[in-house]
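These values consider heavy atoms only, across backbone and side chains, with no hydrogens, waters or symmetry-generated copies. In what follows, chains carry the letters A, B, and so on, assigned in the order in which the sequence lines appear, proteins first and then strands, with residues in each chain numbered from 1. Bear in mind that the values here come from a model prediction, so they are computed numbers and not experimental data.
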Number of protein chains: 2
Amino acid sequence: MTSEVDGDTTELSRPARRQAEIAAYVVKHGSVSANDLVEAFGVSVMTVHRDLDELERQGVVRKYRGGVSAQPTSVFESNVAYRLNTAHAEKAAIARHARAMIEPGMSVMLDDSTSALALIDLIEDITPLTVATNFLPAITRLSQLRDITLLALGGIYSATHDSFGGMPCAEAVEALHTDLLFCSVSAVSSTHAFHQEEEIVLVKRAMLRSARTKVLLVDHAKLQRTALHRLAPLTDFDVVIVDEKTPQDLIEPLRDHGATVEVAKL
Amino acid sequence: MTSEVDGDTTELSRPARRQAEIAAYVVKHGSVSANDLVEAFGVSVMTVHRDLDELERQGVVRKYRGGVSAQPTSVFESNVAYRLNTAHAEKAAIARHARAMIEPGMSVMLDDSTSALALIDLIEDITPLTVATNFLPAITRLSQLRDITLLALGGIYSATHDSFGGMPCAEAVEALHTDLLFCSVSAVSSTHAFHQEEEIVLVKRAMLRSARTKVLLVDHAKLQRTALHRLAPLTDFDVVIVDEKTPQDLIEPLRDHGATVEVAKL
DNA sequence: ATAACATAACACCAGAAGGCGATAAGAACG
DNA sequence: CGTTCTTATCGCCTTCTGGTGTTATGTTAT
């Protein structure tokens, strides 16, 4: 009743899920009062405020006296899509498929996507290995691993994505050239990859220029949608990995337009 | 009985302290067996191994079958000095003094030092503020703060310092110019600041070039020691902040050589 | 001035994680 | 081939922290 956003919302702490639901609620209603949310979600007013503070920190809503209002949908979309990360099993399958492409001694670049995060859990034992990323959760995890050379891509921190971006980041990327790039996007048409936010596009484009082999990770939810900014034609990627649940009739068009599509088995 | 390293070792989790003590023990004896450590520290062999693994990850010791040996003292020194971070009160005082130099709207650079970390807890309410740092714990904390623009300085991760360095980092620093720099070093003579490791020196030098006002944070333990690499003359810093416990006769020589020294009150 | 709202400060609880050792399985050395 | 050292796995216990509500204090609007 409270949420328009569906999917497998397990793997998410209770408050995190509630926050995502609140975000959806706020976006749907445009602007609501704290008390409305108290009723809608059955928690105390204090908790509502705490949730709203967090959402505001992430740039999803704006608080003012008496309530909150939604920020531009682009922000909401990419944030909530990220938070209420669905399709865990599919992501894992894609990650496993991607992992097979990595060999000891390589250098790998990862972008700020949950798909990339799934990959990290699988590469511990590929050694030696150099990993470059601008994604803070990824950096944190990689810093614990003994045998991996971590190259953090710095830049301006974005609370919405929990990653670093902007010009400083693009420059850091440009100073590198890795063997592999694994990246994801918010939408994929039959010909192009898309993303909501311009600043992110900037960094991803730089990444595409800085890698020898480029791999796009796409779970089926991304397909046949578009988003504001066109990132690159799919033919720019050496491989596009989709999960097994992707309908065959969505895969064909990609191939027809010249993309190399591989299907990750569960 | 086990430790040659003294000081206020509170504020440190039990295993972390033991690990630091083990590190000291290993360095003192050059090389020891796991069983020696079991006896010396009264913990199980399993625990000893776990500690040694962690120390090896940090680059402090080298494991081989039958025991461990110490790494070059330079690594040990800067690592353990960092881990068994003493003089908490003094650091806080220095941080408070430093904080007074920051004004809303400024951009501040912090290096990878515990002194810098202490400062972070105090700047939450200076807003707006931009903070650039290559220190992972600092990055993690700052990423939580709503009103602070965080500029992460990427680079090659060093487990020993828990920070980013190398050429990529130096380049990232060079692309910036901040109003303020707060940094610390491992040793201070009456004329110069010193540091053990060359790669670190590289980054700190870059930082010195990239800030308008440079501030050196020095707790009294650092004074009248030297270390391998000369970082810069003290006159390169606009201000040197020392704590109140610094003996007067150590402060005088600094001033005699032209440094501007300020004493932080507890 | 007073009502409505927001924040701060406490305290509580539960669940997670950390930390440790015992045992057992595995790997290197002689 | 056995001995010694190392690692993996499990289970226990403790500690910590995340998440919450309640009450009290502050703040803003009307």
**Q** N/O contacts under 3.5 Å, protein versus nucleotides 24-30 of chain D?
**A**
from   : atom 1 : to    : atom 2 : distance (Å)
D/dT28 : O2     : A/R65 : NH2    : 3.2

**Q** Not counting sequence neighbours, which residues clear salt bridge (Lys or Arg N to Asp or Glu O under 4.0 Å) with A/R96? List them please.
**A** none
**Q** To the nearest Å, give me how far apart CG (B/D36) and P (D/dT4) are.
**A**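 In whole Å, D/dT4 P and B/D36 CG are 16 Å from each other.
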**Q** Can you give the first and last nucleotides of DNA chain C, 5' to 3', that have an atom under 4.0 Å from a heavy atom of chain A?
**A** C/dA4 to C/dA8
**Q** Measure the distance from CG on B/N35 to P on D/dC5 and round it to the nearest whole Å.
**A** 6 Å
**Q** Where each residue is assigned the nucleotide of DNA chain D containing its nearest heavy atom, which of B/K63 and A/V45 is assigned the position nearer the 5′ end?
**A** B/K63
**Q** Under 30°, 30 to 60°, or over 60°: which ring-plane class applies to A/H195 and A/H161, parallel, tilted or perpendicular?
**A**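 It falls in the tilted class, 30° to 60°.
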**Q** Is the CZ atom of A/R62 crowded by more than 12 outside heavy atoms at less than 6.0 Å?
**A** no
**Q** Tell me if a side-chain donor or acceptor on B/S115 pairs with a main-chain N or O of B/L217 at a distance below 3.5 Å.
**A** no
**Q** Do other residues, nucleotides or ligands put more than 12 heavy atoms under 6.0 Å from the CD atom of B/E262?
**A** yes
**Q** Rounded to whole Å, please give me the gap between CD in B/E56 and C1' in D/dT7.
**A**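 Going from B/E56 (CD) to D/dT7 (C1'), I get 13 Å.
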**Q** Give a yes or no on whether the backbone of B/F164 and the side-chain of B/S158 come within a donor-acceptor separation of less than 3.5 Å.
**A** no
**Q** If you measure from CZ on B/R99 to CG on B/L119, what distance do you get to the nearest 0.5 Å?
**A** 9.0 Å
**Q** What integer distance in Å separates A/H49:NE2 from D/dG21:P?
**A** 13 Å
**Q** What protein N or O atoms touch nucleotides 16-20 of chain D N or O atoms at under 3.5 angstrom, if any, and at what distances?
**A**
from   : atom 1 : to    : atom 2 : distance (Å)
D/dT20 : OP1    : A/R18 : NH1    : 2.8
D/dT20 : OP2    : A/R18 : NH2    : 2.6

**Q** Could you work out, with salt bridge (Lys or Arg N to Asp or Glu O under 4.0 Å) as the rule, every residue matching A/E56, not counting sequence neighbours?
**A**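 By the salt bridge (Lys or Arg N to Asp or Glu O under 4.0 Å) rule, A/E56 matches B/R146.
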**Q** Figure out the CD/P separation between B/E54 and D/dT6, and round it to whole Å.
**A**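 After rounding, the reported distance stands at 18 Å.
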**Q** Within a reach of under 6.0 Å around NZ of B/K63, are more than 12 heavy atoms found that belong to other residues, nucleotides or ligands?
**A**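 Yes, NZ of B/K63 has more than 12 neighbouring heavy atoms, counting only those of other groups under 6.0 Å.
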**Q** Measuring from A/D112:CG to A/F135:CZ, what's the distance to the nearest 0.5 Å?
**A** 6.0 Å
**Q** Kindly write out the residues that satisfy side-chain hydrogen bond (donor to acceptor under 3.5 Å, both in side chains) with A/K222, not counting sequence neighbours, or none if the list is empty.
**A**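 Applying side-chain hydrogen bond (donor to acceptor under 3.5 Å, both in side chains) to A/K222 gives A/S184, A/D219.
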